[in-house]
Number of protein chains: 2
Amino acid sequence: MRIRQLECFRTLMIHGTMTRAAELLSISQPAISSTIANLEHETGLKLFVRKGGRLQPTPEARLFFVEAERALEAVEKTNRVAKEIRTGKRGHLAIAAYASISINLLPRLMAEFAKERPGLELKIITRNSQSVRELMTTQQFDLAIAELPLDYPTSNMEVISYECQCMVPISHPLADRDVITPADLDGVPFVSLFKGDPIYQQLAMAFSAYGSSWNVVAETEFFSTACELVCSGMGVGIVDPVVSRPFTGNLVLKPFSPAIKYEIALLLPTQEEPSQLAREFAHYLRQHL
Amino acid sequence: MRIRQLECFRTLMIHGTMTRAAELLSISQPAISSTIANLEHETGLKLFVRKGGRLQPTPEARLFFVEAERALEAVEKTNRVAKEIRTGKRGHLAIAAYASISINLLPRLMAEFAKERPGLELKIITRNSQSVRELMTTQQFDLAIAELPLDYPTSNMEVISYECQCMVPISHPLADRDVITPADLDGVPFVSLFKGDPIYQQLAMAFSAYGSSWNVVAETEFFSTACELVCSGMGVGIVDPVVSRPFTGNLVLKPFSPAIKYEIALLLPTQEEPSQLAREFAHYLRQHL
DNA sequence: GCCTCTGTATAAGTTAAATCTATAGGGTGG
DNA sequence: CCACCCTATAGATTTAACTTATACAGAGGC
């Protein structure tokens with residue numbers, strides 16, 4: 001039994017004549033005739049009686065019609081679902097990410113991403129970067145975002161790196177500089193991330209290389225906290241320019257030299273092939289970082 | 001999308017390798033390979049990644065698999081239903097019949113007929129022969145059985161005619177005759193059907209032709225009542241040998257000459273084509289009358 | 001009664017899917 | 001490094017579904 005036979009049968013049952021069915025299916029009348037003849041032969045059912053040059057469905061045809069319609073609907077649904085999967089309207093996107101990005105960036109991006117894909121199921125979970133890395137190995141997530149460096153490297157990892165910028169209050173004397181260096185910040189009160197953070201280490205090396213005195217007056221866990229403190233006039237600081245954007249409205253951002261690299265990684269599943277949706281979202285994410 | 005593609009896909013998803021799927025479907029490995037390639041191309045979905053010479057289903061394939069299985073089940077059900085219709089295991093058989101046959105013969109025959117066709121829905125309704133004839137025109141019944149003659153003839157009618165037999169009590173003097181004629185029954189107490197019945201008229205003509213005296217001591221509506229009366233020693237009578245069988249156990253049946261014809265008609269739908277089941281049951285009935 | 005209209009069936013040829021056999025090529029493990 | 005297992009490709013074959021052309025059959029108008 002072939003789908004085309006059922007389609008011809010259905011159209012013929014609904015519209016009564018082969019000529020009309022052929023028109024509706026945009027094929028010739030003999031095509032319907034032989035397809036129906038095949039269906040009758042293969043099912044062993046006499047579906048129509050030729051009576052006065054016209055067709056009349058038999059009671060068997062009416063019984064068969066009920067099932068044929070169900071089967072066609074199921075097949076047509078399969079086609080629809082294939083299209084939904086292809087266009088990302090069906091499926092799920094489970095993402096594990098570390099706190100800053102998961103709170104400040106992902107909700108907006110995922111909402112935008114899902115807006116064009118009604119039917120998509122979203123899931124987002126927030127953990128520290130190392131936990132995120134471990135969650136990824138449990139195969140429960142389609143994509144993870146972690147800060148670098150990780151304890152051990154992963155294949156299927158894409159590093160996104162960009163340069164942090166120096167933030168100063170609007171009225172600060174340094175606000176009109178084009179580039180800020182450690183020399184400009186000699187002894188200036190500074191809000192930094194925690195000592196364990198790679199950013200801290202890069203800054204320490206930069207100040208040391210310039211022979212400047214790095215006057216750390218506060219250490220925070222997140223960039224956002226640092227932004228608030230700088231806003232309050234506690235000093236200057238350094239931020240990643242993307243994730244922290246919502247918090248830097250009342251501040252001035254300036255390039256910092258030497259470059260302080262902020263590196264995060266997009267992790268894709270290792271065992272399994274990443275889903276098309278995960279790849280698309282990763283691409284989307286890349287464009288917005 | 002073709003059914004064969006879904007079958008190949010399902011087998012491949014379940015069994016993991018193309019070689020194994022090919023074995024199970026009794027086709028060659030390249031056949032699976034190209035069919036799957038076609039399915040991937042037509043759905044626009046990347047269903048498998050070729051990894052280390054092996055296949056690995058993508059997340060999209062897992063989503064698609066759910067729908068593919070549903071569609072295949074629906075198609076397979078359609079095949080099963082076609083077979084059930086063909087073998088009479090699906091469908092309905094609604095019969096309208098006059099009282100005697102509907103009570104004495106049909107229940108047993110229909111039960112036997114249905115025993116080999118589990119799933120068949122039965123319906124039987126009892127009316128007088130003229131009502132049965134009219135019910136048939138309402139298209140609600142697949143088959144009707146009426147006594148002849150009918151007020152007006154019908155196309156799609158098959159007449160079944162057989163000869164009535166003379167019934168006498170076991171100890172009756174006529175019980176050892178080979179054939180009984182009106183001459184043998186001259187003045188003998190006789191149980192007949194009602195005057196309006198064709199049987200009555202045929203008997204009257206037969207006795208008149210033989211110049212014998214027809215001594216009607218009782219008139220009944222049904223053969224079965226006549227049987228009971230003859231059993232009780234009220235006289236002799238005449239019955240149809242098939243429908244009355246359950247009531248003639250304690251009687252002797254002998255051929256009667258001249259032939260008294262008992263005629264009934266099998267009526268099939270006129271507007272619509274009769275169902276295969278109706279034809280089969282009509283055939284079955286013919287063999288048992 | 002014949003002709004036209006409408007609808008179905010048959011014949012002959014085309015295209016593409018699904019199949020075959022034969023073969024190449026890529027990983028994995030002893 | 002070779003043997004084994006699996007997949008992909010090439011070229012040929014079969015058949016379903018389709019085409020056009022045409023024959024055939026019943027219904028209805030004149």
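Quick note: numbers below take in every heavy atom, side chains included, and nothing from hydrogens, waters or symmetry partners. So you know, we letter chains A, B, ... as the sequences are listed, proteins then strands, and number each from 1.
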**OP:** Give the nucleotide from the list C:dA18, C:dT8, D:dT7 with an atom nearest to the side chain of B:R4.
**Re:**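 That would be C:dA18.
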For [Y], is there an ion pair with [X] - N to carboxylate O distance below 4.0 angstrom?
| X | Y | answer |
| --- | --- | --- |
| A:R70 | A:E73 | no |
| B:R286 | B:E158 | yes |
| A:R117 | A:E280 | yes |
| A:R4 | A:E7 | yes |
| B:E84 | B:R90 | yes |
| A:R2 | A:E42 | yes |
| A:K77 | B:E67 | yes |

Spacing between [X] atom [atom1] and [N] atom [atom2], to the nearest angstrom:
| X | N | atom1 | atom2 | answer |
| --- | --- | --- | --- | --- |
| A:M1 | D:dA17 | CE | P | 12 Å |
| A:M18 | C:dA9 | CE | P | 5 Å |
| A:I3 | D:dA16 | CD1 | P | 16 Å |
| B:L6 | C:dA17 | CG | P | 15 Å |
| B:H41 | C:dA18 | NE2 | C1' | 17 Å |
| B:R20 | D:dC4 | CZ | P | 20 Å |
| A:E7 | D:dA17 | CD | P | 10 Å |
| A:E23 | C:dT6 | CD | P | 11 Å |

Subject >> Degree of bending, the helix from C:dG1-D:dC30 to C:dG30-D:dC1 (end axes from five pairs; round to 10°) >> reply: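 If I round to tens, the end axes sit 10° apart.
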Original post:
Is there a side-chain polar atom (N or O) of A:R50 under 4.0 Å from OP1 or OP2 of C:dA9?
Top reply: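 Yes, within the criterion.
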Subject >> A:R2 side-chain N/O to D:dA17 phosphate OP1/OP2 under 4.0 Å >> reply: yes
**OP:** For A:T19, answer base if it contacts any base atom (sugar-phosphate contacts may also be present), sugar-phosphate if it contacts only those atoms, and nothing otherwise; contact means non-hydrogen atoms under 4.0 Å.
**Re:**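 Base, at least one base atom sits under 4.0 Å.
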Original post:
Taking B:H41 for the side chain and B:A37 for the main chain, is one N or O donor matched with an acceptor at less than 3.5 Å?
Top reply: no
**OP:** Might you confirm whether atom NE2 of A:H92 has over 12 heavy atoms from other residues, nucleotides or ligands at distances under 6.0 Å?
**Re:**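 No, NE2 of A:H92 has 12 or fewer neighbouring heavy atoms, counting only those of other groups under 6.0 Å.
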Original post:
More 5' along DNA chain D: B:L12 or A:E42, using each one's nearest nucleotide?
Top reply: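 Looking at the nearest nucleotide for each, B:L12 comes out on the 5' side.
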Subject >> Selection: residues 25-38 of chain B, any non-hydrogen atom under 4.0 Å of DNA chain C >> reply: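 Listed by number, they are B:S26, B:I27, B:S28, B:P30, B:A31, B:S34, B:T35, B:N38.
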